[in-house]
Visitor: 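Below is one structure. I have some questions about it.
Basis for what follows: all heavy atoms, side chains included, without hydrogens, waters or symmetry-related copies.
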Amino acid sequence: MSFDPMKKTADLLSICIKAGKTVRGFDSVCGAIENGTAACVLTASDASEKTVKEAAFRCGKYSVPLIKTALSKDDMARLFGKSTAVIAVADKGFAEGFAKIVQAE
C-alpha cells in the first residue's frame, strides 16, 4: 500500500469541508487568522508566490501553521466548486491531520 499525500490531503479536506470547518479565499482566510479561528492555513501547489508570501506573513504574525499542499487550485476547485488558492482550517484536529500528511511525505 503506497502513501499518496495528494489523495490523503484531498480526502481529509473533503471531510473538513463537509464538517463546515474551512474558510476559503484570501481575504476571508486573513480574517480567520486575525480573529483566531484558523488552526492552520493550506495553500495550493500552484498558488502565486505573492499569495503564499502574504499568507506566510499573516500566519507568522499570528503563529498559525502554513502548509503547502500537493493540491492544485483546480484540485481544490473540484472539492469546493470554485477555484481557490488559500484555505483556512478552523479545527485543531483537522489541522493536525494535515500536518501529519505533510510530515509523512
Visitor: Just so I know, are the side chains of M76 and R24 near enough to count as touching, which here means a heavy-atom distance under 4.5 Å?
Guide: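 The answer is no, as the side chains (C-beta and beyond) never meet within the 4.5 Å cut-off.
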
Visitor: Measuring from atom CG of D4 to atom CD1 of I101, what distance do you get when rounded to the nearest 0.5 angstrom?
Guide: 10.0 Å

Visitor: Are the side chain of S45 and the backbone of L71 linked by a donor-acceptor contact shorter than 3.5 Å?
Guide: yes

Visitor: Show the nearest heavy-atom pair for residues D75 and A70, with the distance to one decimal.
Guide: OD2-O, 4.3 Å

Visitor: May I ask whether V41 and F26 are part of the same hydrophobic cluster, defined by side-chain heavy atoms of I, L, V, M, F, W, Y residues being less than 4.5 angstrom apart, directly or through others?
Guide: yes

Visitor: To the nearest 0.5 Å, how far apart are CG in D46 and CG in D74?
Guide: 7.0 Å

Visitor: Can you give me the closest heavy-atom contact between P65 and A39, atom names plus distance?
Guide: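 Shortest heavy-atom separation between P65 and A39 comes out as CD-O, 3.3 Å.
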
Visitor: Do the side chain of D11 and the main chain of K8 share a donor and acceptor less than 3.5 angstrom apart?
Guide: no

Visitor: When C59 is tested against each of I67, I33, V29 for side-chain contact (heavy atoms from CB on, under 4.5 Å), which residue passes?
Guide: I33

Visitor: What distance separates M6 CE from S72 OG, expressed to the nearest 0.5 Å?
Guide: 5.5 Å

Visitor: Please report the shortest heavy-atom distance between V89 and C16, naming the atom on each side.
Guide: CG1-SG, 3.8 Å

Visitor: Determine, using the 4.5 Å side-chain heavy-atom cutoff (strictly less than), whether L79 and I15 are members of one ILVMFWY cluster.
Guide: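 L79 clusters together with I15.
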
Visitor: Shortest non-hydrogen contact from F80 to I87?
Guide: CE1-CD1, 3.0 Å

Visitor: Verify the distance criterion only: is there a donor paired with an acceptor across the side chains of N35 and T37 at less than 3.5 Å?
Guide: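 Yes - a donor-acceptor pair under 3.5 Å links their side chains.
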
Visitor: Sub-3.5 Å donor-acceptor pair from the side chain of T43 to the main-chain atoms of V86, do we have one?
Guide: no

Visitor: Just jot down the side-chain contact (heavy atoms from CB on, under 4.5 Å) partners of D91, sequence neighbours excluded, or say none.
Guide: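 Applying side-chain contact (heavy atoms from CB on, under 4.5 Å) to D91 gives K21, F94.
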
Visitor: Nearest 0.5 Å, please: how far is CG in L13 from CG in L42?
Guide: 6.5 Å

Visitor: Ignoring hydrogens, what is the shortest heavy-atom contact between K68 and A44? Give both atom names and the distance.
Guide: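 Residues K68 and A44, closest heavy atoms: CE-O, 4.0 Å.
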
Visitor: Sequence neighbours left out, cut at 3.5 Å: what donor-acceptor pairs do the side chains of residues 48-56 make with other protein atoms?
Guide:
{"unit_1": "S48", "atom_1": "OG", "unit_2": "T51", "atom_2": "N", "d": "3.1"}
{"unit_1": "S48", "atom_1": "OG", "unit_2": "T51", "atom_2": "OG1", "d": "2.8"}

Visitor: Restricting to non-hydrogen atoms, name the atom on C40 and the atom on V64 that form the minimum distance, rounded to 0.1 Å.
Guide: CA-CG1, 3.7 Å

